[in-house]
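Each remark here refers to the structure printed beneath this line.
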Amino acid sequence: MGVSTPTGPVRAASAHTVLFDLDGVLVRGDAFALFLRRVAFAGARLPLAVVLLVLLAPVAAIPAWRLRVARWMSWVGLWGRSAERLRTELGRFGADLGTEPGRIIAPGLRMVQAHLAAGDRVVVVTACEHTLARAVLDTIGLSAVELVASQIDGPKLLVHNHGATKLAQLAAQGVRPPWRMAYSDSLSDLPILDAAEQAVLVNADLRRVVRARRLLGDRLTTVTWNDDGPESPVRDAV
């Protein structure tokens with residue numbers, strides 16, 4: 001429990017492995033946070049969400065507590081939903097998100113398609129919830145892409161696929177370092193970026209580039225993926 005079963009065709013063992021984050025790389029914004037805001041806290045729960053945000057804001061300002069606050073908010077938003085109902089809502093929301101204008105980062109999608117066309121084994125590894133992430137990927141034509149994601153059972157968090165946990169979850173699915181490339185927009189993914197022969201930081205500000213460069217050195221490439229523009233690689237940003 002905690003990792004998904006690979007979908008799509010089984011690729012040759014010699015195929016290169018390429019990892020992609022979801023939020024900020026293929027999907028603009030935080031997909032699960034959007035679900036909480038638009039679905040979980042909709043209607044009668046909206047005032048509760050506002051109160052919680054006000055009360056927890058000082059705690060959330062402390063970096064070490066941000067993930068815990070996010071888990072609290074998630075549990076409150078999902079409380080009272082059966083596992084079956086929640087899966088249905090997450091799947092529907094993910095499919096809708098995949099067709100929402102401007103939501104999909106087109107250069108990221110084209111890059112995944114290019115890797116697939118080259119015969120690479122592409123794995124999306126994300127902190128987003130599995131059912132939601134799978135629905136997005138299927139909707140945008142990436143049903144052949146493997147997925148390693150967070151797992152929940154009703155409101156209960158089983159696996160939060162974040163930071164170094166991604167390495168363990170990938171290993172459980174037979175994906176072990178080193179991998180050819182890894183794409184992410186977040187420094188929380190430094191563990192998987194560091195295990196890549198080539199690490200790609202997407203739409204990063206100078207602070208993130210500087211921090212990543214200290215660890216990754218010349219293995220780091222930065223790209224700017226605009227709404228409709230072409231990929232813009234910058235290998236020596238700093």
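Residue numbers count from 1 along this sequence.
Considering only heavy atoms from C-beta on, Leu26 comes within 4.5 Å of Val124 through its side chain. Using a 4.5 Å cut-off on side-chain heavy atoms (C-beta onward), Phe20 and Met111 make contact. Side chains of Thr88 and Thr131 form no contact here, defined as non-hydrogen atoms less than 4.5 Å apart. Contact annotation: the side chain of Val18 never approaches that of Val123 to less than 4.5 Å [non-hydrogen atoms, C-beta and beyond].
Without hydrogens or angle criteria, Arg28 side chain to Ile105 main chain gives no donor-acceptor distance under 3.5 Å. In terms of modelled atom types and a separation under 3.5 Å, the side chain of Arg213 and the main chain of Leu220 share a donor-acceptor contact. A side-chain donor-acceptor contact under 3.5 Å links Asp30 to the backbone of Ala33. Using a distance-only test at 3.5 Å, with no hydrogens or angles considered, no donor-acceptor pair links the side chain of Trp225 to the main chain of Gly24. No side-chain donor-acceptor contact under 3.5 Å links Asp120 to the backbone of Thr17.
For the salt bridge (charged side-chain N to carboxylate O under 4.0 Å, His left out) test, residues two or more places apart in sequence or in another chain that qualify with Asp194 are Arg219. Here Glu100 pairs with Arg38, Leu97, Arg103 under the side-chain contact (heavy atoms from CB on, under 4.5 Å) rule; sequence neighbours left out.
Contact between Gly94 and Val136 at its shortest, heavy atoms only, is O-CG2, 3.4 Å. In plain terms, the two heavy atoms of Leu142 and Arg134 that are nearest each other are O-NH2, 3.0 Å. Closest approach of Ala31 to Cys128, counting heavy atoms only: CB-SG, 3.9 Å. In plain terms, the two heavy atoms of Asp185 and Arg208 that are nearest each other are O-NH1, 2.5 Å. Across all their heavy atoms, Gly98 and Ile104 have their closest contact at O-CG1, 3.7 Å. The two residues Asn161 and Val148 come nearest to each other via the heavy atoms ND2-O, 3.2 Å.
Between atom CE of residue Met181 and atom CG of residue Leu19 there is a gap of 10.5 Å, rounded to the nearest 0.5 Å.
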**OP:** Could you go through the salt bridge (charged side-chain N to carboxylate O under 4.0 Å, His left out) check for Lys166 and Asp21 one step at a time?
**Re:** CA-CA 10 Å; Lys166 289 186 176 182; Asp21 192 12; 3.6 Å; yes
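Taking the ring centroids of His130 and Phe32, they lie at or beyond the 6.0 Å cut-off.
Between the side chains of Ser186 and Ser184, no donor N or O sits under 3.5 Å from an acceptor N or O.
Under the 30°/60° scheme for interplanar angles, the aromatic rings of Phe35 and Phe93 are found to stand perpendicular.
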